[in-house]
Amino acid sequence: MSSQRFETLEEDFRTLCEDMKYKLARADSSSVAEEKKRYLREIDGDLEDGQVTLKELDNEGKKAPPAYRPQMSNKVAMYRKEFESIQQGLKRLLPTSSSDRVSLMGSNRGANLDRQAESQRNQLLKGNDTLDRASASIARSQVIAIETEEIGDDIIGDLGAQRESLHRTRDRLIDTDENLSRSRKILRTMYRRVMTNKLILVVVILLEVAILGGIVYWKFFS
């Protein structure tokens with residue numbers, strides 16, 4: 001366990017609970033009124049000490065590192081149930097009449113015990129309300145998660161369609177590039193043919209000029 005203080009309080013609380021259980025058993029089996037009254041008064045005082053110790057245990061558990069906190073919380077919950085069981089045992093042995101209870105305890109501790117039990121019931125009701133609100137919040141979160149998942153599925157579907165469209169566009173661009181390459185080849189071939197035809201035409205013109213010059217020379221100078 002992480003907290004030495006928690007271990008010390010835990011040992012004190014267990015010892016106190018064992019002592020209260022022993023006194024409850026003695027009070028339940030005792031036929032002597034004064035002895036029974038003494039045990040019940042001692043248990044009532046021990047309950048007040050136990051309440052303080054239990055609160056300190058809870059505080060130590062809340063201050064513990066996260067790794068140890070769940071284990072400590074479980075122990076505190078177990079001790080609280082044991083403590084409530086002892087409270088119920090004391091209440092069972094006390095007279096049902098408030099005046100008899102005060103007379104037996106010699107003070108208002110019996111009434112204090114009722115107030116403590118009522119306070120614990122109120123805390124339990126508050127805890128249930130908190131649990132209900134937490135459950136409702138979890139349910140809303142689940143609905144939001146489902147809606148978010150559906151939106152994500154729609155987005156993934158849209159992205160898939162866009163991907164297919166991009167693939168088709170890429171294929172068309174590849175085809176267009178191939179067509180442009182073929183067109184460039186055809187243009188280069190046509191250019192070579194035009195240049196060849198021009199060269200042949202120049203050669204023919206030169207030949208014709210040479211032939212014409214030869215004829216003129218032959219007629220006039222021979």
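Taking all atoms of both residues into account, the shortest heavy-atom contact from L57 to F6 is O-CE1, 3.5 Å. In terms of heavy-atom proximity, E56 sits nearest to L9 at OE1-CD2, 3.1 Å. Between L40 and A27, the shortest heavy-atom distance links the atoms CD2-CB, 4.0 Å. G61 and M72 get closest at one heavy-atom pair: CA-SD, 3.7 Å.
Between F83 and F13, the closest side-chain pair of non-hydrogen atoms falls below 4.5 Å. Residues V143 and E147 have side chains in contact (heavy-atom distance under 4.5 Å, counting atoms from C-beta outward). Contact of the D28 side chain with the R92 side chain is registered, since non-hydrogen atoms from C-beta on lie closer than 4.5 Å. The shortest side-chain heavy-atom distance between E7 and Q4 falls under the 4.5 Å cut-off. Within the 4.5 Å cutoff, no side-chain heavy atoms of Y39 are placed close to those of K36. In this structure, L16 and D12 have side chains that are not in contact, with every pair of non-hydrogen atoms separated by 4.5 Å or more. Within the 4.5 Å cutoff, the side chain of K91 has no heavy atoms near those of the Q87 side chain.
When the side chains of ILVMFWY residues are joined at heavy-atom separations under 4.5 Å, either directly or via intervening members, M78 and V76 end up in a single hydrophobic cluster. A single hydrophobic cluster is not seen to contain both I200 and I205; linkage of ILVMFWY side chains at heavy-atom distances under 4.5 Å, directly or through other members, places them apart. Tracing side-chain contacts under 4.5 Å through hydrophobic residues (I, L, V, M, F, W, Y), one never reaches V209 starting from Y217; they form parts of separate clusters.
The distance from the SG atom of C17 to the CG atom of L47 is 9.0 Å, given to the nearest 0.5 Å. The line from CG of L201 to CG of L206 is 9.5 Å long, rounded to the nearest 0.5 Å. Atoms OG1 and CD, on T53 and E11 in that order, are 12.0 Å from each other to the nearest 0.5 Å. Taking NZ of K55 as the start and CD of E60 as the end, the distance is 13.5 Å to the nearest 0.5 Å. Note that CG of N179 is 4.5 Å distant from CZ of R182, once rounded to the nearest 0.5 Å. Summarising the geometry, atom NZ belonging to K21 is positioned 7.0 Å from atom OG belonging to S85; distances are rounded to the nearest 0.5 Å.
A salt bridge does not link E84 with K81: none of the charged nitrogens is closer than 4.0 Å to a carboxylate oxygen. Salt bridge K23/D46: present, at least one basic N to carboxylate O contact under 4.0 Å.
Formation of a donor-acceptor pair under 3.5 Å by the N74 side chain with backbone atoms of P70 is found in this model. In this structure a side-chain-to-backbone donor-acceptor pair under 3.5 Å is missing from S165 to A161. Judged by distance alone, the side chain of N197 and the main-chain N or O of R193 form a donor-acceptor pair under 3.5 Å.
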Problem - salt bridge (charged side-chain N to carboxylate O under 4.0 Å, His left out) between R14 and E82, intermediate numbers included - result: CA-CA 10 Å; R14 285 201 298 259; E82 184 177 5; over 6 Å; no

Exercise for the section: Test D19 against E42 for side-chain contact (heavy atoms from CB on, under 4.5 Å), laying out the working first. Expected result: CA-CA 10 Å; D19 187 51; E42 290 179 0; over 6 Å; no

Exercise for the section: Would you sort out whether I138 and Q142 count as a side-chain contact (heavy atoms from CB on, under 4.5 Å), showing the intermediate values? Expected result: CA-CA 6 Å; I138 292 173; Q142 289 176 340; 4.0 Å; yes

Handout entry: Stepwise side-chain contact (heavy atoms from CB on, under 4.5 Å) check, R69 with K63
Key = CA-CA 8 Å; R69 202 171 297 163; K63 292 187 296 184; over 6 Å; no

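Side chain to side chain, R184 and S181 meet the donor-acceptor criterion of an N or O pair below 3.5 Å.
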